[in-house]
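First up is the structure itself, then whatever we jot down about it.
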There are 4 protein chains.
Amino acid sequence: MPQPQPAGFNRKSPIQGRAKQTVATILEATARILTEEGSERLTTNHLARRAGFSIGTIYQYFPNREAIVLALVERQRAEVERRVKAVLAGGEDAGPEARIAQIVRTLHQAFAVHRAPQRRLVQALLRLAATQGIPTPPDTVARAIFTIWRDAKGGRAPGESDVFVLTQSLFETLRQATLQSSPLLGTVDFEEALLRMVFGCLRGASQS
Amino acid sequence: MPQPQPAGFNRKSPIQGRAKQTVATILEATARILTEEGSERLTTNHLARRAGFSIGTIYQYFPNREAIVLALVERQRAEVERRVKAVLAGGEDAGPEARIAQIVRTLHQAFAVHRAPQRRLVQALLRLAATQGIPTPPDTVARAIFTIWRDAKGGRAPGESDVFVLTQSLFETLRQATLQSSPLLGTVDFEEALLRMVFGCLRGASQS
Amino acid sequence: MPQPQPAGFNRKSPIQGRAKQTVATILEATARILTEEGSERLTTNHLARRAGFSIGTIYQYFPNREAIVLALVERQRAEVERRVKAVLAGGEDAGPEARIAQIVRTLHQAFAVHRAPQRRLVQALLRLAATQGIPTPPDTVARAIFTIWRDAKGGRAPGESDVFVLTQSLFETLRQATLQSSPLLGTVDFEEALLRMVFGCLRGASQS
Amino acid sequence: MPQPQPAGFNRKSPIQGRAKQTVATILEATARILTEEGSERLTTNHLARRAGFSIGTIYQYFPNREAIVLALVERQRAEVERRVKAVLAGGEDAGPEARIAQIVRTLHQAFAVHRAPQRRLVQALLRLAATQGIPTPPDTVARAIFTIWRDAKGGRAPGESDVFVLTQSLFETLRQATLQSSPLLGTVDFEEALLRMVFGCLRGASQS
DNA sequence: CATGAATGAGAATTCATTCAT
DNA sequence: TATGAATGAATTCTCATTCAT
């Protein structure tokens, strides 16, 4: 972010860089409020103050309040997606059960955040997501799981309903455990129960 | 307050009767707004107008806005509970699979409301429930299912995690299908997928 | 308050008796609320509930809310007046200083209520009196004091201003001490300081 | 924020200036309402309208309605304090009686406002002060009077009670005279009676 | 680009009082 | 007389958003 520059040279890039930095600062402040003060204190004015900008600046980067929350949710979602993809990519040589177990473990860990602040953030986002028009979890994970299973075990292709049920059962159970701050979250027991449910869906779907 | 009474005497105390009628009218108006106009129009003033009472009357019967929604949710919840109980009570002679299938079907039907207005109401209530401090679905249904299964098949007792996963997978999948107005809702396919998930949980839990 | 009476005889009296009882109950409930819950909870509806009557009944006996408070203030004022009169009547043979000291002591004791509930009531009434159009303390006490002094010591008659200053200095100092829950209230020190002030007014007035 | 500045530079930061101006306008409007319409018309909406701002602006500068009144009371109180301090500072060479008389005269004049509007404002503020948690008059004035007296006449130090009684007798008598719109207020007679009361307190306190 | 003063529709809630029964 | 359901004007305060500087 150099101030004095060769005149007329590449003026855009540093500015874009600053913009990116500003957006990041705003999102960070949003996360901090959600974490430390609760979603009802997430007003645009308060956010501006905590971010160290004026409200006007906030509106320079986001069209409205909702967009800010959406951006934060998206950031979180992308992080989970990234992790799952990493698992899908790696470990091609492991057995199907092991790979599926790994996927479930990854998701579990993404939700089972233990440090209180981070956890409160995830909770707040999940709660806001319910109110606003926030995209549902993608069925890519469920589809990937079905694919791994079929590639190894064969059986018929899963129907729409199978994918839907698996996606929702997996994500929503984790979501609810998080929202309720369930003590089960993070335990081996819980993960195993989840896994049994997943395998139940798989076996059922391919047999019937 | 005995139910069967000498004819011609079957009249509630007029005062209590009026009050009960008023409460019913208020709840009906609430449902109508949620159904026809959306939850963001559910303001106390607007509700009063649509109910045909003054705002003061609303507050004579409910301590605050939230309580009204809560009452409506409770009404709905009680209805589902009633239906599930009926299933649990009857059909003692059918096989375990049949009985469990019946329970799942009942739940499915409770969520798969087809008449648009009623459906919008259920959606609105589910969405409001997420915001407000509304009780999570009871695990009684999941426990009942496990009991039916074990009574017939034996196996180890389900753990906390098993119950939690089954409860959430079942209710949340239905909840999400409803919220998303999924076209799967109400189809045989969907019900079967649900059922496979349930049996997967049961088999997994009793074996491992 | 006899219930069964010779038929057709003096029907008014028992009814008046009941009315008096009702009014008393209402005032008592008012005092209780002021004492136990604070003046901001003194709403007509709440008062009715605590008095065990319906609001309608309250309005049968008082034209409006203000009148209830006024009646209570009046009751309290009458009590103080009664006590001062008793002092003025008795002790004719004591010296003027002693008699005046007795009057001041009586007033002091009337305000220096030590039992918390009673004290809160006096405070609440004083505060309400400030808001509503409630009569100021009568100057009869000040006049009586001046008379006692002149009868013994001679000097010129007190002017309007002298009476006003003495009345206000005396009552308002006590009022403020009560409102502020001053620890001085009730002490010998405080009473002596008050007395010095009173004698200062008297000496000054008769000399100049 | 230096007071004397190079001419032509004596301008507050435009931003602070606007804010200060707005606050002043709001307080002025508050005073105008209290003066012309009475305290029961001092609602936030009405105030906003009369101030020529939107209601939101009012709340940008004051956290709630009470704070507005408080600010006005404070302004008034500061003015009286300023005047009394000026008297205390000046006239060091005059005799103690003369200086005390000057203090009493200053207070008297502060309360004896003759122009009707200003007077109604003082009344309204005094009345509101009784309702809200507004600070009682400071005992600095009474202490100063005692000090002047003792420096000249000697005698024992005044006790807590002496200070309290003098403070309250002085301020509350003036307050009541103002609230009751007493015709005595502003007369020589009244001031003399006040002065006699004050000297009575002084003499009594130092002797006994 | 940044600022932040100003906006104002609209939300929830209160409570003295009335009046049909 | 007594009741208490119903009234509804009025109040305080919030907060997303705009726009002149």
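Throughout, protein chains are lettered first and strands after them, A, B, ... in sequence-line order, and every chain is numbered starting at 1.
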Among residues at least two apart in sequence or on other chains, which ones pass side-chain hydrogen bond (donor to acceptor under 3.5 Å, both in side chains) with [X]?
X	result
Ser39(D)	none
Glu36(C)	Arg50(C)
Thr25(A)	Gln21(A)

For dG8(F) and Ser54(B) - does any side-chain N or O of the residue sit under 4.0 Å from the phosphate oxygens OP1/OP2?
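False: Ser54(B) side-chain N/O out of range (4.0 Å or more) of dG8(F) OP1/OP2.
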Is there a side-chain polar atom (N or O) of Arg41(D) under 4.0 Å from OP1 or OP2 of dA10(F)?
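So the side-chain polar atoms of Arg41(D) never come under 4.0 Å of the phosphate oxygens OP1 or OP2 of dA10(F).
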Results of side chain to side chain contact (heavy atoms under 4.5 Å, CB included) for [X] - residues two or more places apart only:
X	value
Thr43(B)	Asn45(B), His46(B)
Ala71(C)	Leu27(C), Phe62(C)
Tyr59(A)	Thr44(A), Ile55(A)
Gln180(B)	Thr136(A), Phe164(A), Gln168(A), Gln176(B)

Figure out the [atom1]/[atom2] separation between [X] and [N], and round it to whole Å.
X	N	atom1	atom2	result
Ile68(D)	dT11(F)	CD1	P	14 Å
His46(B)	dA9(E)	NE2	P	19 Å
Glu66(D)	dT11(F)	CD	P	17 Å
Ile58(D)	dT7(E)	CD1	C1'	12 Å
Phe53(A)	dC1(E)	CZ	C1'	12 Å
Tyr61(C)	dA16(E)	OH	P	21 Å
Leu47(D)	dC13(F)	CG	C1'	13 Å
Arg49(A)	dC15(F)	CZ	P	11 Å

For Thr57(D) and Thr57(C), find the nucleotide of DNA chain F closest to each by heavy atoms; which residue's nucleotide sits nearer the 5' end?
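Upstream on the strand: Thr57(C).
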May I ask you to test the Leu126(D)-Val73(D) pair for a side-chain heavy-atom distance under 4.5 Å?
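A side-chain contact under 4.5 Å is absent here.
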Distance-only criterion, 3.5 Å: show the donor-acceptor pairs between side-chain atoms of residues 116-125 of chain C and protein atoms not counting sequence neighbours.
unit_1, atom_1, unit_2, atom_2, d
Arg120(C), NE, Thr35(C), O, 2.7
Gln123(C), NE2, Thr178(C), O, 2.7
Gln123(C), NE2, Ser181(C), OG, 2.7

Is there a donor-acceptor pair under 3.5 Å between the side chain of Thr30(B) and the backbone N or O of Ile26(B)?
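Yes: the side chain of Thr30(B) pairs with the backbone of Ile26(B).
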N/O contacts under 3.5 Å, protein versus nucleotides 10-12 of chain E?
unit_1, atom_1, unit_2, atom_2, d
dA12(E), OP1, Arg65(B), NE, 3.3
dA12(E), OP2, Thr44(B), N, 2.9
dA12(E), OP2, Thr44(B), OG1, 3.1

Once rounded to the nearest 0.5 Å, what's the spacing between atom CZ of Arg65(C) and atom CG of Leu42(C)?
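If I round to the nearest 0.5 Å, the distance is 5.0 Å.
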Return the nearest nucleotide to the side chain of Gln60(B); candidates are dT7(E), dA5(F), dT3(E).
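Side chain of Gln60(B) sits closest to dA5(F).
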Write out all pairs satisfying salt bridge (charged side-chain N to carboxylate O under 4.0 Å, His left out) with one or both partners inside residues 21-34 of chain A, taking only residues at least two apart or from two chains.
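Output for this query lists Glu28(A)-Arg75(A).
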Using a heavy-atom cut-off of under 4.0 Å over every strand shown, decide if Phe62(A) touches base, sugar-phosphate, or nothing.
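Nothing, no heavy atom under 4.0 Å.
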Scan residues 29-38 of chain D against DNA chain E and write down, sorted by residue number, each residue with any heavy atom closer than 4.0 Å; if none is found, say none.
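Per residue number, the list is empty: none.
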For DNA chain F, list all stems, counting runs of three or more consecutive pairs where every pair is Watson-Crick or G-U wobble with both distances under 3.5 Å.
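Correct response: E:2-21 with F:2-21.
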